[in-house]
Asks: 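For reference, the structure I am asking about is given below.
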Number of protein chains: 2
Amino acid sequence: MAPRAASKTAESSDKVGVICRALRRAIIEQALEPGAKLPEDSLGERFGVSRTIARHALGQLAAEGLVELRRNRIAVVATPSWQEARDAFDIRIELERLVVRQLAGKLTKAQVAALNAHVDAEDAARGGADAVSIRLATEFHILLASMTNSPILVRYVSEVAYRCCLTLSLYSRPHSSECGVTEHRAIIAALVKGDEPRVMSLMQRHLDSVATRALVAPAPQRGRDLLDILAPYAEEDGAERVVKMAKVVRAR
Amino acid sequence: MAPRAASKTAESSDKVGVICRALRRAIIEQALEPGAKLPEDSLGERFGVSRTIARHALGQLAAEGLVELRRNRIAVVATPSWQEARDAFDIRIELERLVVRQLAGKLTKAQVAALNAHVDAEDAARGGADAVSIRLATEFHILLASMTNSPILVRYVSEVAYRCCLTLSLYSRPHSSECGVTEHRAIIAALVKGDEPRVMSLMQRHLDSVATRALVAPAPQRGRDLLDILAPYAEEDGAERVVKMAKVVRAR
DNA sequence: CCCGCCTCAATTGCATGCACTTTGTCGCGC
DNA sequence: GCGCGACAAAGTGCATGCAATTGAGGCGGG
């Protein structure tokens, strides 16, 4: 039902892919909040596979930045810093501008129909659970990307969109995520008209507004961020001092 | 020695990371050509680990698009299509424009020194092996990205740069890869001057020239591409016919 | 009462073993 | 001579087992 493009990277193997998709969805629907623990055994038991598979799935998700893998410690859902959230949105804006640039005026009727159907679904889900509407909004962007028919672009847009979704659950106020179905419709319209500059500008402003609406102030040290704050000081990398210095400075 | 930013995603665990880095490097230096087989046992034996670890490493590399994982078949170094190569470069241009935009006028002296040192190394390696100079050219861009101090951006730039590197070994003529050390120097200069529009334009043209110089015509069916050509026709996905149709059309 | 140490359960890191799938090859029948 | 089917070798898919590391709670000392 969900027009999810089966990314044929690695996880299509079978069970690993199932677990990945399930966890991704649980994360972006905020059923799993950032910081939630993900022990290998529990996952394995829950999905009826061995730890080996669960572990592999966690590896994939870690590569996507959705979970954090610490050596000899339980894996947890990633807790991106506020700065990382901003960075993710910056990248997302560029990538999605590229998407709409490639798509402007080139959509088939069937594709336009699919997009409209999706936005209708978004509208329909407006009254329902918050989590679902967030997921649908994200999937709209992924659907758009999949129409470029560039597997690489699809992959990156998906990844970064998921990451942004994750940050929303960290830094946005509860009900501020009216991800603008109206704006989605406007984008579709501009795409159909083939107005390339306009659709790029629309997309940029759309994402920018989501980011600024969602990413409220740097969150005055909520919870156990102490560890995170101290992290850059405890680096023992030994290579490239330049970058480290810059990191410390930037972290304020 | 190599100023490689230790991406703390997943593979930093230990052995998996070692294998990943080794394979990445072997791939971008073209010691492993696209299509080369990567059996789990051989890798495990070569690196002194079990198949489990080798398998995990292959999984990570597959997630990066460097190797291709086919169910029940030996993993191989990825063989991107010509179109995918173009797409990768398109994405890369956007990402690296973002890099230099963030960096313009904000480099510390130490960072400038590091960049200059790297370009010097590129110059020095000019007479040596082709593979090394290609790797150094790629690493220049990664070094640049690492200075943004945005882990996400570093990751994406690295990945896509590696992918581009991979395509070069497929579609470029042997000695056309003078990746323009001069252009690297020009970019550094513009960065120092803080001329944002100019450095963005420089970067765009630099990458564009690499792409067009390297990605010569769609390669008149070299080798066993038959399979790849037939692939889209043999799809049995069953979901989302729209995209599939577009794919067939686009594949010409 | 608080702090440090020590032991133990929980959990990961990794290797090995077995079943299944694919592939290359040999032999048989036409 | 040629296609075709069975067999063997190679390789992956996955589970399980064991060692190592970590985190927590209890215990004793200050």
Side-chain angles (χ1 to χ4, degrees), chain A residues 6 8-23 32 35-63 66-79 223-224 226-228 230-231 234 236, chain B residues 6 8-23 32 35-63 66-79 223-224 226-228 230-231 234 236:
Chain A
K8 205 182 295 182
T9 50
E11 75 204 34
S12 64
S13 44
D14 226 1
K15 319 205 184 182
V16 174
V18 171
I19 300 180
C20 279
R21 277 186 288 274
L23 285 183
L32 289 172
K37 291 181 184 174
L38 302 169
E40 297 175 357
D41 333 1
S42 315
L43 291 178
E45 188 182 5
R46 181 66 190 78
F47 288 97
V49 297
S50 86
R51 279 201 311 122
T52 308
I53 304 305
R55 182 185 188 73
H56 202 82
L58 286 175
Q60 297 293 313
L61 292 172
L66 287 186
V67 322
E68 220 164 308
L69 238 43
R70 303 110 94 211
R71 186 171 179 86
N72 281 320
R73 309 271 303 277
I74 304 179
V76 295
V77 176
T79 310
R224 60 207 173 71
L226 269 290
L227 298 173
D228 300 335
L230 260 50
E236 30 67 65
Chain B
K8 205 182 296 182
T9 51
E11 74 205 35
S12 65
S13 44
D14 226 2
K15 319 206 183 181
V16 174
V18 171
I19 300 181
C20 278
R21 277 186 287 273
L23 287 182
L32 288 172
K37 294 181 183 174
L38 302 169
E40 297 174 357
D41 317 336
S42 316
L43 290 179
E45 190 181 4
R46 182 66 190 77
F47 288 97
V49 297
S50 86
R51 279 201 311 122
T52 309
I53 305 305
R55 182 185 188 74
H56 203 80
L58 286 175
Q60 297 293 314
L61 291 172
L66 287 186
V67 323
E68 219 164 310
L69 240 41
R70 303 110 93 210
R71 187 171 178 85
N72 282 321
R73 307 271 303 276
I74 303 179
V76 294
V77 176
T79 309
R224 61 207 172 71
L226 269 291
L227 297 174
D228 299 335
L230 261 49
E236 30 68 66

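Predicted model, so just to flag it, every value in this text is computed and none were measured. By convention in this document, chain letters (A, B, ...) are assigned in the order of the sequence lines, proteins followed by strands, and residues within each chain are numbered from 1.
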Asks: Could you report the tightest heavy-atom contact between Ala75(A) and Leu69(A), atom names first, then the distance?
Replies: CB-CD1, 3.4 Å
Asks: May I have the list of side-chain donor-acceptor pairs in residues 41-50 of chain B shorter than 3.5 Å, sequence neighbours left out?
Replies:
from     : atom 1 : to       : atom 2 : distance (Å)
Ser50(B) : OG     : Thr52(B) : N      : 3.1
Ser50(B) : OG     : Thr52(B) : OG1    : 3.4

Asks: Check nucleotides 5-10 of chain C against the protein and report each pair of N or O atoms closer than 3.5 Å, with its distance, or say if there are none.
Replies:
none

Asks: How far does CG of Leu61(A) sit from NE2 of His56(A), to the nearest 0.5 angstrom?
Replies: 10.5 Å
Asks: Name all stems that contain residues of DNA chain C, defined as runs of 3 or more consecutive Watson-Crick or G-U wobble pairs, both distances under 3.5 Å.
Replies: C:1-30 with D:1-30
Asks: Looking at every heavy atom in both Ala57(A) and Cys20(A), which two are closest together, and how far apart are they?
Replies: O-SG, 3.7 Å
Asks: I'd like to know whether Leu66(A) forms a side-chain contact (heavy atoms from CB on, under 4.5 Å) with Leu23(A), so could you lay out the CA-CA distance, the side-chain angles of the two residues, the decisive distance to 0.1 Å, and finally the verdict.
Replies: CA-CA 9 Å; Leu66(A) 287 186; Leu23(A) 285 183; over 6 Å; no
Asks: Which residue lies toward the 5' end of DNA chain C, Glu40(A) or Val49(B), if each is placed at its nearest nucleotide?
Replies: Glu40(A)
Asks: What does nucleotides 18-24 of chain D look like as a protein-contact string, B for base, S for sugar-phosphate only, - for none, at under 4.0 angstrom between heavy atoms?
Replies: ---SSS-
Asks: Can you sort out the partners of Arg73(B) under side-chain contact (heavy atoms from CB on, under 4.5 Å), two or more places apart, ordered by chain and number?
Replies: Arg70(B)
Asks: Considering only dT16(D), dT12(C), dT12(D), which nucleotide approaches the side chain of Arg55(B) most closely?
Replies: dT12(D)
Asks: Output the distance between atom CZ (Arg71(A)) and atom CG (Asp14(B)), rounded to the nearest 0.5 Å.
Replies: 4.5 Å
Asks: From the list dC14(D), dT12(C), dA15(C), which nucleotide is the closest neighbour of the side chain of Asp41(A)?
Replies: dT12(C)
Asks: When you match Gly48(A) and Pro39(B) each to their closest nucleotide on DNA chain D, which lands nearer the 5' end?
Replies: Pro39(B)
Asks: In whole Å, what is the span from the NZ atom of Lys15(B) to the C1' atom of dG13(C)?
Replies: 8 Å
Asks: Would you mind reading off the distance between Ile53(B) atom CD1 and dT16(C) atom P, rounded to a whole angstrom?
Replies: 11 Å
Asks: Nearest whole Å is fine: how far is dT12(D) P from His56(A) NE2?
Replies: 13 Å
Asks: Please report the interatomic distance CD1(Ile19(A)) to CZ(Arg55(A)), rounded to the nearest 0.5 Å.
Replies: 13.5 Å
Asks: Could you tell me which non-hydrogen atom of Thr79(A) sits nearest to which non-hydrogen atom of Glu68(A), and how far apart they are?
Replies: N-OE1, 3.6 Å
Asks: How long is the gap from CD1 on Ile53(A) to NZ on Lys15(A), to the nearest 0.5 Å?
Replies: 7.0 Å
Asks: Identify, with sequence neighbours excluded, every residue that meets side-chain contact (heavy atoms from CB on, under 4.5 Å) alongside Val77(A).
Replies: Ile27(A), Leu32(A), Ala36(A), Leu38(A), Leu166(A)
